Novice: 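Provided herewith is a single structure, encoded as structure tokens, for subsequent inquiry.
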Amino acid sequence: MFCPECGKEIPDNSIFCTFCGAKILRPGESADEQVPQTSSRPSPGIELCGDGMYRWYYEFSMLKNPMILLTILSIFGVIFGILFLFMVVSAVLSGDIEDIVENFVPILLFLVFFAALILISYLIVSAMNGWKYIVLFEMNEEGVRHIQQPKQFQKAQALAWLSAFAGVVGGNPAGGIGRGLLVATKSESYTAFQNVKKMKSIRKYHTIKLNETLEHNQIYAEDKDYDFVLKYIADRIPEQAKRNL
């Protein structure tokens, strides 16, 4: 079959055109039923697959991009802050506030020591991963999935993964091939757009932070696709979550 928008040949029963992104209308389906689209189009680096899912690959140096380290340190800081506050409240209630004052320097030294330990651990993990953080993303109207890849994962594999999904529709064996390429993934996290409580854009590091009540996700996109991904997500999360954009 051929796309009615751009005229290029696409797999039969496609839901979306893999070239221009237009939704393929079915008999009896009106244009008003189309999935909302963003005003801009992504670069060829982001593949719009036949199942309506955007997929792309991102890689960065763990030494040059500190976002993962900063996230770990911020989580540690929150935990330590809660514990310290609990200690202060307990000391005040028991009348032992002097103990907190006397032990302030040791507590501070412990904090510095633990932060240094986190930094050393981060460098060790970075070295084990070849100093690279490699991730594949899946994104549609409902949410976005962050899929971390092992260090041996190469760009050629990512392109093969994207190609395997291009034009995927229900029952197409290409879907199984694409999923098979994900068997070696190390970890993944998923964010449903409707559950996002806070969204923060950090353009300098190509990062979009999505925070739920107990879950945190970081989405990465190249400069040429950053605005597309940012707008796509912003158009689909609750209004109150957009305060930091």
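For this chain, numbers begin at 1 and follow the sequence in order. For clarity, every value in this text was computed on a predicted model and none was experimentally measured.
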Novice: Got Phe86 and Ile82 here, is their nearest side-chain heavy-atom distance under 4.5 Å?
Specialist: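 Result no, sub-4.5 Å side-chain heavy-atom pair not found.
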Novice: Could you pull out the closest heavy-atom pair between Val144 and Asn217, with the gap in Å?
Specialist: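 Heavy atoms only, the tightest pair is O-ND2, 3.8 Å.
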Novice: Going through the checks in order, is the side chain to side chain contact (heavy atoms under 4.5 Å, CB included) test met by Lys242 and Ile233?
Specialist: CA-CA 10 Å; Lys242 304 178 187 180; Ile233 296 174; over 6 Å; no
Novice: Taking the six-membered ring for Trp, are Phe228 and Tyr54 closer than 6.0 Å centroid to centroid?
Specialist: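 Judged by ring-centre distance (under 6.0 Å), Phe228 and Tyr54 do meet the cut-off.
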Novice: Angle class for the Phe76/Phe80 ring planes (parallel below 30°, perpendicular above 60°, tilted otherwise)?
Specialist: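 Taking Phe80 first and then Phe76, their aromatic rings sit tilted (interplane angle of 30° to 60°).
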Novice: Closest approach of Tyr122 and Met62, non-hydrogen atoms and distance?
Specialist: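 Looking at all heavy atoms of both residues, the shortest contact is OH-O, 2.7 Å.
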Novice: For the residue pair Tyr133 and Ile68, establish whether any side-chain heavy-atom pair is separated by less than 4.5 Å.
Specialist: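 Yes, their side chains come closer than 4.5 Å.
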Novice: Just verifying a value: how many Å separate Arg145 CZ and Arg55 CZ, rounded to the nearest 0.5 Å?
Specialist: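 Answer rounded to 0.5 Å: 10.0 Å.
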Novice: Using every non-hydrogen atom in the two residues, find where Gln194 and Pro238 come nearest and quote the distance to one decimal.
Specialist: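 Closest heavy-atom pair between Gln194 and Pro238: O-CG, 3.7 Å.
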Novice: Output the distance between atom OH (Tyr220) and atom NE2 (His146), rounded to the nearest 0.5 Å.
Specialist: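 Those atoms lie 5.5 Å apart.
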Novice: Heavy-atom count around Tyr190 OH within 6.0 Å, excluding the residue itself: above 12?
Specialist: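 Atom OH in Tyr190 is crowded, with more than 12 foreign heavy atoms closer than 6.0 Å.
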Novice: Which of these, His216, Lys198, Gln218, sits in a side chain to side chain donor-acceptor pair (under 3.5 Å) with Asn211?
Specialist: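 Answer to the side chain to side chain donor-acceptor pair (under 3.5 Å) test with Asn211 among His216, Lys198, Gln218: His216.
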Novice: For Pro66 versus Tyr205, what's the shortest heavy-atom pair and its separation?
Specialist: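 Shortest heavy-atom contact: CD-CE2, 3.4 Å.
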Novice: In the single-linkage hydrophobic clustering (I, L, V, M, F, W, Y; side-chain heavy atoms under 4.5 Å), do Leu108 and Phe110 co-cluster?
Specialist: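 Same cluster.
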Novice: May I ask whether Leu70 and Leu117 are part of the same hydrophobic cluster, defined by side-chain heavy atoms of I, L, V, M, F, W, Y residues being less than 4.5 angstrom apart, directly or through others?
Specialist: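 Different hydrophobic clusters.
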Novice: Give me the one residue out of Leu210, Leu230, Thr191, Val135 that meets side chain to side chain contact (heavy atoms under 4.5 Å, CB included) with Ile219.
Specialist: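 When Leu210, Leu230, Thr191, Val135 are each tested with Ile219, the side chain to side chain contact (heavy atoms under 4.5 Å, CB included) holds only for Leu210.
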Novice: With side chains defined as the heavy atoms from C-beta onward, is the minimum distance between Ile208 and Met199 less than 4.5 Å?
Specialist: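 Counting from C-beta outward, Ile208 and Met199 do come under 4.5 Å.
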Novice: Are any of the side-chain heavy atoms of Met67 and Lys209 separated by less than 4.5 Å?
Specialist: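 Result yes, sub-4.5 Å side-chain heavy-atom pair found.
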Novice: Answer whether the closest heavy-atom distance between the side chains of Val196 and Arg236 falls below 4.5 Å.
Specialist: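 No, too far: nothing below the 4.5 Å cut-off.
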Novice: Identify the heavy atoms of Tyr226 and Thr207 that sit nearest to each other, and give their distance.
Specialist: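 The answer is OH-O, 2.9 Å.
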Novice: Roughly how far, to the nearest 0.5 Å, is CZ of Phe114 from CG of Leu119?
Specialist: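 Answer for the CG-CZ pair, Leu119 versus Phe114, is 13.0 Å.
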Novice: Could you tell me whether the side chain of Leu111 reaches within less than 4.5 Å of the side chain of Ile107, counting heavy atoms only?
Specialist: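 Heavy-atom side-chain distance check fails, nothing below 4.5 Å.
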Novice: Is it the case that Tyr57 and Glu59 place a side-chain donor and acceptor less than 3.5 Å from each other?
Specialist: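 The answer is yes; a qualifying pair exists.
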Novice: Got Val229 and Ile46 here, is their nearest side-chain heavy-atom distance under 4.5 Å?
Specialist: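 Touching, per the 4.5 Å side-chain cut-off.
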Novice: What are the two closest non-hydrogen atoms of Asn140 and Tyr232, and how far apart are they?
Specialist: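 It is C-OH, 3.2 Å.
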Novice: With a 4.5 Å heavy-atom cut-off, do Trp131 and Lys64 have their side chains touching?
Specialist: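 They are not in contact (no side-chain heavy atoms under 4.5 Å apart), so the answer is no.
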Novice: If we ignore hydrogens and angles and just use 3.5 Å, is the side chain of Tyr58 paired with the main-chain N or O of Phe137 as donor and acceptor?
Specialist: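 Flag not set: sc Tyr58 to bb Phe137 has no pair under 3.5 Å.
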Novice: Do Phe104 and Val112 share a hydrophobic cluster, counting only Ile, Leu, Val, Met, Phe, Trp and Tyr and linking them when any side-chain heavy atoms are less than 4.5 Å apart?
Specialist: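 Different hydrophobic clusters.
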